[in-house]
Amino acid sequence: MSRVLATAKRIMARLGPNVLAPVIAGAVAIAVSSVALLLSGYSPTEAFTAMWKVLDSTESVVGIINQAGWYYVAGVAVAIGFKMGLFNIGADGQYRLGALFAAYFGAKADLPAVLHVLYIVLIAVVVAAAWAAIAGILKVTRGVNEVISTIMLNYIATGLTAWLLNTYFRNRTGGLTAETKLIPESGRIPSLNALVEALGFHFGRGVVLQGYVVLAIFVGVGYYVLLFRSRYGFELRVTGVNPSAAKASGVNPKRMILITIMLSGAVAGLIGMGPLLSDSQYYKYGDQFPLSLGFTGLSLALLGRNNPVGIALAAIVWAAIERATQPLSIIGIPQEIGIILQGSFLLSAVIVFEVFSRRAQEQAIRDAAARAAPRTMGAPA
Amino acid sequence: VSLENTGTTVASTELVARRKWFEGRNLVVLLAVFGLAVMSSARVIADADRLTSSGTIGLGLRLAIPIALAGIGGLYAERSGTVNIGLEGMMVMGTIMAGYFGWQYGPVAALIAGAFGGILAGLLLGMATATFGVNHIVAGFAINIIAPGVARFLANQWFTTPEASALGGSVSNGPPVDGQFPKVSLPVLSSGPDLLGDLEEKGWWLISDAAGILRGLTSDLRLDTIIAVVLIVGTSYLVWHTPFGLRLRAAGEKPGAADSLGVSVIRMRYYGVILSGALAGMGGAVLVFAGANRYQQGQTLGQGYLGLAALVFGNWMPAGTFGGAGVFGYANGIRLSIDASTTVKALILAVGIALALFAVWSIVKRNVHAAVISAIVAVLAFVVYAVVDEINNQFIYMTPYVVTLLVVTLFAQRLRPPAAEGIPYRKGDSL
């Protein structure tokens with residue numbers, strides 16, 4: 001009987017932080033949003049029913065998957081830094097700068113299909129990683145906190161992109177808006193619609209499953225392999241948990257910091273490839289290009305606890321909340337409830353995670369004490 | 001033996017005295033005069049009167065106030081041991097509250113309401129960090145995500161009513177606020193006979209610049225500016241000269257020691273984030289009254305982050321933080337004034353002159369490394385000044401951020417954040 005109980009306890013201990021915590025956080029978020037809705041005179045049941053109805057269509061599901069693909073890559077980019085205790089708040093500037101360079105040079109190049117895509121992606125990755133490297137170099141050589149430097153670098157990136165977009169990178173033959181030329185057909189990532197139809201499904205008109213989703217999955221698998229199945233990943237995680245132990249076992253902390261922040265930047269470079277290469281609304285960099293994806297990535301890395309699957313689930317939930325709340329204003333409910341839902345979910349999640357991990361720590365201490373106690377008592381005087 | 005001893009004592013006292021002359025207040029005065037001389041020379045050479053005009057300085061001061069309030073707010077939180085990335089979110093809460101209460105009841109109510117909005121965000125941060133021990137950057141970041149959402153939700157509630165819509169209200173814009181902060185000028189010197197203004201007009205080297213700067217700092221001062229300055233001076237006093245301040249700082253430097261003497265670290269950290277929220281929220285309220293005279297979505301434009309940068313820039317001290325905010329305000333003031341390009345070019349020239357002189361001084365001091373680096377940068381500045389015709393507006397926009405990055409890079413080793421900042425504390429921990 002006690003063994004069964006112990007097993008149940010172990011399962012709960014494992015499931016606790018990963019399943020129970022998000023559920024609690026989600027419940028808190030729904031409660032908070034409901035209270036906000038009630039206080040301002042709306043019916044929460046009506047709002048949530050309406051949201052649920054929106055999600056119940058192929059178009060919505062495909063839209064959520066597309067959006068979640070971009071978000072997922074953003075989450076992974078930030079998570080790589082987090083795993084080592086680095087706050088790459090600069091992912092935002094990194095992906096925008098990378099996307100701008102990729103858009104300009106990608107539109108100029110004349111290459112065969114697959115090569116063209118690789119060329120564009122490479123430019124984005126290199127530019128973003130180089131931009132991230134500035135923060136890394138400042139940290140390892142001068143001890144500058146990466147939070148401060150990446151916040152500043154984000155603003156500088158904003159200025160740089162605006163300047164380049166209005167001068168050298170601007171499409172002169174285009175209209176009044178400052179934007180780059182369109183990426184030619186050969187440089188775009190093809191949609192997955194043909195594949196889906198080959199499998200026997202049929203989307204409605206205008207529904208497009210972006211090919212970028214495949215890239216996002218590759219990023220996730222790569223993240224898992226790199227982090228949990230490679231020597232570098234092991235060293236990175238050790239450095240994150242216990243820097244002095246890592247150093248004592250021969251890990252060069254400065255080198256690790258530089259590599260990790262550049263890797264985080266490199267993946268951040270991929271974020272912009274979603275809109276740039278895979279969304280027919282864009283295929284270019286301009287004033288309308290999606291902003292703040294890097295900040296969304298921060299939220300998702302936190303919600304997903306840097307776990308490859310966790311971030312994916314978080315990305316889907318995030319995209320679903322956005323999708324579901326968009327049409328709410330039509331029935332007279334403020335769609336801003338979506339941001340409240342997201343925000344309260346994020347804050348309650350980090351709090352619940354913290355509470356769970358504290359409890360786990362305390363349990364571990366008690367267990368260790370219990371194991372040690374009989375031995376010391378039985379020891380000869 | 002005793003004679004010899006006396007001799008060395010006298011000698012070392014002299015040495016101490018001589019070294020002391022170059023430190024503290026004298027050094028500040030010396031640097032200020034040196035800086036003024038450089039700026040004045042650059043103004044004359046580049047023919048850019050706006051570099052030190054009372055208009056530019058005054059505008060810079062007004063623009064610095066919200067940043068300074070956020071920065072001083074950050075000081076309370078960080079001195080008590082809580083890293084406060086959430087300043088931006090607190091400011092956002094300040095803008096929405098001030099936008100509504102300013103519309104309904106005027107400026108004073110707006111300041112109070114703004115502070116209250118910031119306090120709410122501060123309490124949230126305190127709950128997450130002090131009570132639950134969540135990573136401070138994570139929690140602060142969450143505040144920055146939540147606050148704009150709450151603001152939009154409230155704006156939808158308050159500004160889309162028929163009454164507000166008639167006055168131009170919408171989800172992203174509040175109706176115009178009611179009234180304005182009163183303005184005062186220093187009598188005789190900056191208004192009326194306006195002696196400083198006359199002096200400024202003359203265009204004399206050094207004297208007119210000093211007059212311009214003084215006039216900029218003493219004319220058309222809005223009430224919020226005065227309140228902010230009083231709060232900053234008050235912060236110096238409160239945090240460094242009262243028992244409360246000592247306890248607050250102890251919670252941020254050595255919480256275990258504070259705890260062992262009966263100071264509640266958690267309570268101190270709550271006070272820290274509450275004061276932080278109040279000040280940053282007031283900063284948001286000032287933004288509402290300073291710019292468009294109404295609430296606007298995204299009005300803060302990252303100025304909470306700038307406040308944080310000013311705090312780091314100022315080495316977690318009130319005067320330094322205000323100075324950092326001043327740099328941001330001045331740079332923004334130049335950007336927004338007429339003929340910004342000429343003024344920025346003059347500023348680049350000033351940097352060049354200062355660094356060239358610094359290089360000479362370094363050679364005298366036999367510091368080759370510093371001399372070479374500053375000489376190279378000085379030459380670069382002169383080249384830019386001579387070659388570039390028109391400075392792109394985007395580069396002017398980037399200036400304050402680049403300056404902050406440079407300052408942080410150059411002085412990172414000298415910066416000293418509170419020792420226990422960002423480390424969660426639980427009662428009984430021996431930190």
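In what follows, chains are A, B, ... by sequence order, proteins preceding strands, each numbered from 1.
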- Nearest-0.5 Å distance that lies between atom CG in B:Leu125 and atom CD1 in B:Ile146: 10.5 Å
- Query: Heavy-atom distance under 4.5 Å to chain A: side chain of B:Leu154, backbone, both or neither?
  - Reply: neither
- Message: Is A:Val350 in contact with chain B via its backbone, its side chain, both, or neither, using a 4.5 Å heavy-atom distance?
- Response: both
- Message: Can you tell me which residue among B:Tyr397, B:Phe328, B:Tyr401 is in a ring-ring contact (aromatic ring centres under 6.0 Å, His included) with A:Tyr155?
- Response: B:Tyr401
- Query: Do you know which of B:Ile137, B:Ile145, B:Val150 has the most heavy-atom pairs under 4.5 Å to chain A?
  - Reply: B:Ile137
- Query: Among A:Gly143, A:Gly338, A:Ser329, A:Ser40, which residue forms the greatest number of heavy-atom pairs with chain B at distances under 4.5 Å?
  - Reply: A:Ser40
- Message: Which atoms of B:Leu301 are under 4.5 Å from chain A, going by heavy atoms: the side chain, the backbone, both sets, or neither?
- Response: backbone
- Query: Does the pair A:Tyr168 and A:Trp163 meet the rule for a ring pair (Phe, Tyr, Trp, His ring centres under 6.0 Å), with working shown?
  - Reply: CA-CA 8 Å; A:Tyr168 300 104; A:Trp163 171 61; 5.7 Å; yes
- B:Gln157 side chain to B:Tyr100 side chain, donor-acceptor N/O pair below 3.5 angstrom: no
- Measure A:Thr167 against the heavy atoms of chain B and call it side chain, backbone, both or neither at under 4.5 Å. side chain
- Message: Does any backbone or side-chain atom of B:Phe153 lie under 4.5 Å from a heavy atom of chain A? Answer side chain, backbone, both or neither.
- Response: both
- Query: Any side-chain donor paired with an acceptor under 3.5 Å for B:Tyr270 and B:Thr131?
  - Reply: yes
- Assess the side chains of A:Arg323 and A:Gln67: does a donor N or O sit below 3.5 Å from an acceptor N or O? no
- Message: Is A:Leu298 close to chain B through its backbone or its side chain, or both, or neither, when contacts mean heavy atoms under 4.5 Å?
- Response: both
- With no hydrogens and no angle check, do the side chains of A:Gln342 and A:Ser299 hold a donor and an acceptor under 3.5 Å apart? no
- Item | Among B:Pro148, B:Ala309, B:Gly302, B:Ala139, residue most engaged with chain A (heavy-atom pairs, under 4.5 Å) | B:Gly302
- Note on the structure: All heavy atoms of A:Leu293 vs all of A:Ala74, minimum pair found to be O-CB, 3.5 Å
- Message: With no hydrogens and no angle check, just 3.5 Å: does a side-chain donor-acceptor pair link A:Ser264 and A:Asn88?
- Response: yes
- Task: Against chain B, label A:Thr296 side chain, backbone, both or neither, depending on which of its atoms sit under 4.5 Å from a heavy atom there.
- Result: neither
- Most chain B-contacting option - heavy-atom pairs closer than 4.5 Å, from A:Val355, A:Leu160, A:Ile89: A:Leu160
- Message: Less than 4.5 Å to any heavy atom of chain B: does that hold for the side chain of A:Leu302, its backbone, both, or neither?
- Response: side chain
- Answer with side chain, backbone, both or neither: which region of B:Val312 has an atom nearer than 4.5 Å to a non-hydrogen atom of chain A? side chain
- Message: Using heavy-atom distances under 4.5 Å, tell me whether B:Val171 contacts chain A through its side chain, its backbone, both, or neither.
- Response: side chain
- Could you look at A:Ile351 and say if it's the side chain, the backbone, both or neither that has a heavy atom under 4.5 Å from chain B? both
- Rounded to the nearest 0.5 Å, the CD1 atom of A:Ile321 sits from the OG atom of A:Ser33 at a distance of 8.0 Å
- Query: Do A:Arg358 and A:Gln361 have a side chain donor and acceptor closer than 3.5 Å?
  - Reply: no
- Measuring heavy-atom distances to chain B, does A:Tyr42 have an atom under 4.5 Å in its side chain, in its backbone, in both, or in neither? side chain
- Checking heavy atoms, do the side chain of A:Leu153, its backbone, both or neither come under 4.5 Å from chain B? side chain
